[in-house]
Amino acid sequence: MLFAHDTEVALRGAAALVNTAATLPTDTDDLQTVEELDAFVSEWEWTGSRTHDEAELESVRALRPRLRQLWTTEPREAVAVVNGLLAEAGALPQLVRHDGWSWHLHATSPEAPLATRMAVEAAMAMVDVIRSDELRRLRICSADDCQDVVVDLSKNRSKRYCDGGCGNRANVAAYRERKASQPA
Ligand SMILES: [Zn+2]
Ligand SMILES: [Zn+2]
């Protein structure tokens, strides 16, 4: 394991959140309704307070481009984003244990708004990544027709494609190309 368990979960969750946004004209936004937010929240096992309203949805949606910056900017700017997110939320790191998770960090209270908790959890994970000088593990999917973000937690830093199926599609395309170039 590269990072602490909660850091890795937080990084994958942040990437999944960023990837709900449409980045190309052919993409669909997967976070357009409160119901879609509910599904995302339960998939990623977010606990804590919810308001289940449009304002909550809007604030989570608005967080996505800020988090995406962590994948696309220079380290110095990523640091500014992380520090900004932590300062805005008045983050206060505390070790907690709940719902079957062993000791991990929370830096917001369970009553803080969902978007704040999401922002701080992602920022705290980024603190680990940047301190370990591993920012290069955050990259954009290598598929030509995809701009989704990737968290490479592999030992040999070999993950190039997002979790949206681009790796499979690239394998199939490469296989077809090999077949096509073979003499019949
Ligand atoms: Zn927790
Ligand atoms: Zn992709």
Side-chain angles (χ1 to χ4, degrees), residues 1 3-31 37-38 40-51 56 60 63-65 67-72 82 85-86 89-129 135-154 157-177:
M1 195 169 60
F3 300 108
H5 175 70
D6 54 327
T7 294
E8 299 198 348
V9 172
L11 289 172
R12 287 205 302 270
L17 176 62
V18 169
N19 289 341
T20 61
T23 46
L24 295 171
T26 47
D27 283 354
T28 47
D29 190 316
D30 297 324
L31 212 56
L37 178 60
D38 288 347
F40 184 87
V41 162
S42 72
E43 183 184 347
W44 287 93
E45 298 181 34
W46 282 96
T47 55
S49 74
R50 291 284 313 279
T51 54
E56 181 181 61
V60 172
L63 176 61
R64 300 181 300 182
L67 293 185
R68 187 178 173 85
Q69 283 184 292
L70 299 170
W71 270 261
T72 55
V82 169
L85 292 169
L86 293 174
L92 175 66
Q94 297 280 290
L95 280 163
V96 294
R97 193 160 59 171
H98 64 89
D99 294 287
W101 296 88
S102 70
W103 292 113
H104 60 284
L105 273 177
H106 277 196
T108 48
S109 77
E111 296 78 38
L114 178 64
T116 302
R117 286 180 283 123
M118 287 176 157
V120 168
E121 187 166 307
M124 292 297 289
M126 289 302 298
V127 165
D128 275 5
V129 171
L135 205 51
R136 275 157 299 178
R137 289 179 178 275
L138 306 191
R139 50 182 92 103
I140 304 296
C141 178
S142 292
D144 292 336
D145 56 350
C146 181
Q147 289 290 308
D148 279 3
V149 298
V150 177
V151 179
D152 182 2
L153 298 172
S154 69
R157 300 164 189 269
S158 58
K159 187 174 166 69
R160 293 168 56 213
Y161 297 103
C162 72
D163 296 327
C166 290
N168 279 338
R169 284 194 287 121
N171 284 341
V172 169
Y175 172 75
R176 288 217 183 98
E177 216 162 276

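All heavy atoms count here, side chains included; hydrogens, waters and symmetry mates do not. Atoms within each ligand, like the ligands themselves, are counted from 1 in listed order. Note that the numbering runs from 1 along the sequence shown for the chain.
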Given 3.5 Å as the limit, does a donor-acceptor pair link the side chain of [X] with the main chain of [Y], or not?
| X | Y | result |
| --- | --- | --- |
| N168 | G165 | no |
| W71 | I140 | no |
| R137 | D152 | yes |
| S142 | R160 | yes |
| R117 | S49 | yes |

Given a cut-off of 2.8 Å, the protein N, O or S atoms lying below it from the Zn ion (ligand 2) are C141 SG, C146 SG, C162 SG, C166 SG
Take atom CG of D145 as the centre, draw a 6.0 Å sphere, and report whether it contains more than 12 heavy atoms from other residues, nucleotides or ligands.
->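 Yes - once you tally the heavy atoms of other residues, nucleotides and ligands closer than 6.0 Å, there are more than 12.
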Does CZ belonging to R139 count more than 12 external heavy atoms closer than 6.0 Å?
-> yes
Check the Zn ion (ligand 1) and write out every protein N, O or S atom at under 2.8 Å, as residue and atom.
-> H98 NE2, H104 NE2, H106 NE2
Should L17 and L31 count as side-chain neighbours, where that means a heavy-atom distance under 4.5 Å?
-> yes
Can you label the angle between the H106 ring and the H104 ring as parallel, tilted or perpendicular, going by 30° and 60°?
-> perpendicular
